[in-house]
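To start, the structure itself, in structure tokens.
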There are 2 protein chains.
Amino acid sequence: MCPKVDMKKIENPTKCQVSFSKRRSSLFRKTHEISVLCDVDLALIAFSPSGRLNKFCSQKRIEDVMQRYIDLPPDKRFRYDIKRLV
Amino acid sequence: MCPKVDMKKIENPTKCQVSFSKRRSSLFRKTHEISVLCDVDLALIAFSPSGRLNKFCSQKRIEDVMQRYIDLPPDKRFRYDIKRLV
DNA sequence: TCGCCTATTTATAAGAT
DNA sequence: TATCTTATAAATAGGCG
């Protein structure tokens with residue numbers, strides 16, 4: 001009933017929307033969990049295909065986390081890109 | 001072996017770090033998956049307790065996603081806060 | 001610290017409603 | 001379209017090295 005996912009865009013719009021809705025709720029739950037359990041200050045911004053904004057911020061306003069990012073010296077800003085972990 | 005998680009900060013520093021490391025890799029994998037499967041443009045910025053930056057961006061530079069957020073009219077920027085889904 | 005193992009919990013795709 | 005069900009897949013806490 002739950003086959004492995006194929007890592008490519010879901011072309012069927014209905015399936016894509018259902019999958020987005022389910023995955024979004026899990027993703028934001030996990031984001032919330034790690035922020036509390038591990039005391040992580042984080043911000044997540046997501047634009048759905050229709051352009052709708054979904055955002056999450058652990059503690060402060062999302063603008064404050066963005067500012068913390070912007071205020072980093074460039075060497076620290078670019079050093080840790082999580083794509084290497086995916 | 002895998003008890004339910006208690007939704008509060010893990011005070012033991014070693015356990016906290018191990019949990020962070022495990023959850024971070026899953027979180028960024030899920031973030032990557034939803035961005036590909038559902039064609040979502042997103043940015044995730046996370047500061048670990050030690051202040052280290054971890055970031056992920058789906059397609060463009062993280063600054064571009066931030067700019068897209070900043071460019072939203074205020075009513076759209078504040079309407080969809082995902083905390084309601086957690 | 002860091003990876004591997006395993007039992008249990010959680011996520012999720014598809015189907016049902 | 002959205003929510004519920006269910007069977008399978010994936011995540012993960014703790015143990016061990």
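All values reported here derive from a predicted model rather than from experimental measurement. Each chain gets a letter, A, B and so on, in the order its sequence line appears, and its residues count up from 1.
- Here the side chain of B:Gln17 is nearest to one of C:dT1, D:dA9, D:dA10, namely C:dT1.
- For B:Arg29 and D:dA11, the shortest distance from a side-chain N or O to OP1 or OP2 is below 4.0 Å.
- Residues A:Cys2 and A:Pro13 both approach DNA chain D. Their nearest nucleotides, taken by heavy-atom distance, put A:Pro13 toward the 5′ side.
- In this entry the distance linking CZ of B:Phe20 with P of C:dT1 reads 11 Å, nearest Å.
- Within 4.0 Å of A:Val18, counting heavy atoms only, lies no atom of the nucleic acid at all.
- Taking 4.0 angstrom as the limit, A:Arg23 places a side-chain polar atom (N or O) nearer than this to OP1 or OP2 of C:dT12.
- For the pair A:His32 NE2 and C:dA11 P, the interatomic distance rounds to 14 Å; values are reported in whole Å.
- Under a cutoff of 6.0 Å and an axis angle of 45°, B:Arg68 and A:Phe47 form a cation-pi pair.
- Side-chain atoms of B:Ser19 never come within 3.5 Å of backbone atoms of B:Lys15 as a donor-acceptor pair (strictly under, hydrogens ignored).
- The cluster map of Ile, Leu, Val, Met, Phe, Trp and Tyr, joined by side-chain heavy atoms under 4.5 Å apart, puts A:Leu53 and B:Ile70 in the same cluster.
- Note: CG (B:Leu27) to P (C:dA11) measures 12 Å, nearest angstrom.
- Distance CZ (A:Arg24) to C1' (C:dT12): 15 Å, rounded to an integer number of Å.
- Distance, B:Arg52 CZ to C:dT1 C1': 13 Å, rounded to whole Å.
- Between A:Ile34 atom CD1 and D:dT12 atom C1' there is a gap of 12 Å when expressed in whole angstrom units.
- For A:Lys22 and D:dA2, the shortest distance from a side-chain N or O to OP1 or OP2 is not below 4.0 Å.
- Taking 4.0 angstrom as the limit, A:Ser21 places none of its side-chain polar atoms (N or O) nearer than this to OP1 or OP2 of D:dA2.
- Contacts of B:Ser19 with the nucleic acid, taken as non-hydrogen atoms under 4.0 Å apart, involve only primed sugar atoms and P, OP1 or OP2.
- Counting only distance, with no hydrogens or angles, the side chain of A:Ser25 and the backbone of A:Lys22 share a donor-acceptor pair below 3.5 Å.
- Whole-Å rounding puts the B:Leu37 CG to C:dA11 C1' distance at 14 Å.
- Residue B:Thr14 places no side-chain N or O under 4.0 Å from the OP1 or OP2 atom of C:dT1.
- Counting non-hydrogen atoms under 4.0 angstrom, A:Lys4 reaches the backbone sugars and phosphates but no base.
- Within the 3.5 Å criterion, the main-chain N or O of A:Thr14 finds a donor-acceptor partner in the side chain of A:Asn12.
- Separating the NZ atom of B:Lys30 from the C1' atom of D:dA11 is a distance of 8 Å, rounded to the nearest angstrom.
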